Each structure stands twice: as C-alpha cells, then as structure tokens.
Amino acid sequence: MKLESLALHHGYTSEETTKAAAVPIYQTTSYTFDDTQHGADLFDLKVSGNIYTRIMNPTTDVLEQRLAAMEGGVASLVVASGMAAITYAIQCICQIGDNILSTSQVYGGTYNLFAHTFPRQGIEVKMISSDDFDAFKKSIDDKTKAIFCETIGNPAGNIVDIQKLAEIAHKRGIPLIVDSTVATPFLCKPINFGADIIIHSLTKYIGGHGTSIGGVIIDSGKFDWVANKERFPMLNEPDPSYHGVVYTEALGAAAYIGRCRVVPLRNTGAAISPMNSFQILQGLETLGLRMERHCENTEKLADFLQNHEKISWVNYATLKDSPYYDVCQKITGGKASGIISFGIKGNDKVSSKEAGGKFIDALQMILRLVNIGDTKSLACHPASTTHRQLNENELAAAGVSADLIRISVGIENIEDILADVSQALEVV
Ligand SMILES: *Cc1c(COP(=O)(O)O)cnc(C)c1O
C-alpha cells in the first residue's frame, strides 16, 4: 500500500470478538497470564504478548506498526512525548564518557537537552552548523555514538542534506538519527537517504489537532551494530538488567528498538497513555491531506509576505532565493511543510523586535502559542518564548534572530490567513 492507505489500514484488522472497525482503546494497565509458566515465558521473551502498559499496549502497538510501515522501518517505539523519544534514542546507545554530534539548528527543547542535561550526565553533544560537513567529519572520535539532525530545522527552516550526513556517519561506523517532525513521511522518508533512526514528535503534524502529546522512535533495522561491536557494547554484550540477554543475538535487526523498549522505557517509564495513542491514530489518518493544504497555504503566504513593504526578510525553502531551495528539491520533494519565518522592518521609533511583538498582539484569528503542526494557524516569537533561555551567540547558532516571527500555517481558507496577517501588519 501507498502512504495514504497505510495511514488508514496498516497494523489493524477488525478485532475478532467485537469486530470493531476503529482501533479500540485498550485502557488497561495490565494483562492476565494464563498460568505461571505463561508469565515466565512472557518475561523471558520466549512468547510474544502483553505484560504491562508501561512497556506495551495494543492500541499503541497499532500506532507503532503503522508509523514503522510508513517510514519503511522494521519496528518502532511510541512514547509519551517527542522529547522522551529523543532522550531514549540517544540513551539507548550512549553512556557516561560518550558523545554525539548534532546540527546546531534544532528545536529549543532539544537544544536544552543537548546543551545542559546530557552533559551533566556525562554525554557530550558537539553542535555543528548543518552545512559544515567538514566539521562533522573532523569531530567524530572513538567515543562518538551518533550524528543527530532535523530534516527541516525548527524554527530555522534549514533543510539538511541527510544523504551527505548519513555517508559521513556510515564511513565511521555510526548511525544517523533524524528528527523528521516538521517534514513528516509525506515530504521525506529519511531512510531512503540513508538515515538509520527516525524520530517524530507525534504532538505536531502526525497527531495534527493539538490535542495529545506523543513521540516515536523508528528503527530502519539497517544499521550493522555487530560489525561495530566495540563502539556499541550495550547492544552486543550481555545485559544484566535483562538477565544477560545480548540484544543483537536475541532480536537481530530489531536489536536497537528492542533495547529502547526494555531498557530506557521500561526503567524510566515515559509511557504514552492508550487514549493519546488513539487520538494520534485519528490524526494520522488524514496526515496526507493536511500536509497538502499546509504546504499550499504556506507557499501562498510566503509569496504574500515577500511582496509586502513592511517585511524585511522571509525564510521559506520553496522561495527561489532561499539558500535551501536546492536541498529542498532533493530531500523534501520541493515542498517545505507549514513553518515559515520572517522579520518586520523597524524604524527610528520601533525596533524590528518590538514590531514583531506588536504584530503578534494584533492577530485576531491566528493563535498566539508555541506549538506547531496544528490544523489551526499558530504564531510565536521564539526569542521571547521557546528560545528564551539561549544567549545571543546560541540564538545565532540556532538560526533564531531577535526579530524572527514564526507562523505554523494551518489548514484554514488561505484568504482568512492572508486577511489576518494583512490587518496585523497594518497595525504595526
Ligand atoms: C515539538 C518538537 C519536539 C518535542 O516534542 P514534544 O512532543 O513536544 O516533546 C522535538 N522535535 C521537534 C522538531 C519539535 O518540533
């Protein structure tokens, strides 16, 4: 099946007892054992089945199978948030003394995790601008366990040449982890460009309606952990926390994602609620349709802003003068999703930063908040919200200028979006 159909059908056929056509919400914490032997076999991974909703749930399982199929992976793990997914994806292969490389233009929450939380736990993150491929090559050492990037950086809107980063990573025997939240599988399937592990914040386009927080890690199953044994002892040596199992021997191509489930998720517990998995499944059904409209509306808004006298700059990768125009054709099929950023001109009385604030305050339909990927249009000023903790140098590295306004363009009628932006610019 193609993506649109996988999003509707994969991983579920009418359940046997009730014939329910929609995926049921299995709102249960636990699952009964037939007898003691059955319980023991489940814990030994000798038979498959459910034990406890912190580690698995049948509603969540459908979502996991569907997302893995849509990205072309072997399996996936759905967790409580996008941040939990990123944390677990890295904790699964890193321990104290290790490091990873990351593009510097990343989501604000990811930036804080990488710049402050991981270093205090002994995992160093070296941040490098997404176009500086030489710096990536030179920065890999014996303790480097992965390269991390976002397909389309949030909020910088930079599109990353995943293929080049994957080649650099694979040459040194490390995987490429790609946060593809903004692109979604409809604009890019990173595994086709060599990415090994895909992450999505399901909170954004995939859930799509601003109701539920969730995240996923998808394993391509293609990275050869055994050939790189020395670098990845956690996957190749007996694990005392799971009675001596060697993940690469027990789980083969699903070794990495299996360990994500039975170590970071099982032991630290950022489990998603079955109700949220259900909500996200509803959103996923219409993802393809929504992405078409998000992209179409954003392209029209980009044209409008570019021709407006009060606008000093517009950043959207389908614009011919965008530095990311070519990589957008190569990596995201000439589409750039629904996030656009721009700056408003200042004058002697009002700085461009203040003008941005006035613009945000004057919006009437577009919501003032910090989410992205909702059906509704959303506006924010990162320098005073999501990226508030960053100093000036850090802001510049993240691609966030003080005057940057970000709009996550929704699926409203474009005329209403243009009318709201237009009247707010009049007020400024
Ligand atoms: C929102 C976001 C995250 C974090 O996801 P949560 O579900 O909010 O934890 C990670 N990466 C990107 C690109 C995001 O936009």
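Owing to the predicted nature of the structure, the values given are computational and were not obtained by experimental measurement. Counting starts at 1 for both ligands and their atoms, following the listed order. By convention here, the first residue in the shown sequence is residue 1.
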Protein heavy atom at shortest distance from atom 15 (O) of ligand 1: Lys204 NZ, 2.7 Å
Gly214: numbered ligand 1 atoms lying under 4.0 Å from its heavy atoms: 7 (O)
For Phe342, the option from Phe359, Phe304, Trp313 that meets ring-ring contact (aromatic ring centres under 6.0 Å, His included): Phe359
For atom 5 (O) of ligand 1, closest protein heavy-atom neighbour: Ser201 OG, 3.0 Å
Any N or O of Gly82 closer than 3.5 Å to N or O of ligand 1: yes
Donor-acceptor side-chain pairing of His200 and Glu71 below 3.5 angstrom: yes
For Asp179, the ligand 1 atoms whose distance to one of its heavy atoms is below 4.0 Å: 10 (C), 11 (N), 12 (C), 13 (C)
Under-4.0 Å heavy-atom contact with ligand 1, by part of Leu202 that carries it: neither
Atom 4 (C) of ligand 1: nearest protein contact (heavy atom, Å): Tyr107 CE2, 3.5 Å
Plane angle bin for Phe114 and Phe148 - parallel if under 30°, tilted between 30 and 60°, otherwise perpendicular: perpendicular
Check: Ser129/Asp132 side-chain N/O donor and acceptor closer than 3.5 Å: no
Geometric N/O contact Ile372 with ligand 1, under 3.5 angstrom: no
Numbering as shown, the atoms of ligand 1 that approach Thr203 to under 4.0 Å (heavy-atom distance): 6 (P), 7 (O)
Any side-chain donor near an acceptor of the partner, Glu150 and Asn154, under 3.5 Å: no
Salt-bridge contact Glu64-Arg261 (side-chain N to carboxylate O under 4.0 Å): yes
Sub-3.5 Å N/O-N/O distance, Asn154 and ligand 1: yes
Distance-only side-chain donor-acceptor flag, Ser130 / Thr103, under 3.5 Å: no
Distance-only N or O hit between ligand 1 and Glu150, under 3.5 Å: no
Side-chain donor-acceptor pair present, Asp179, Thr181, cut-off under 3.5 Å: yes
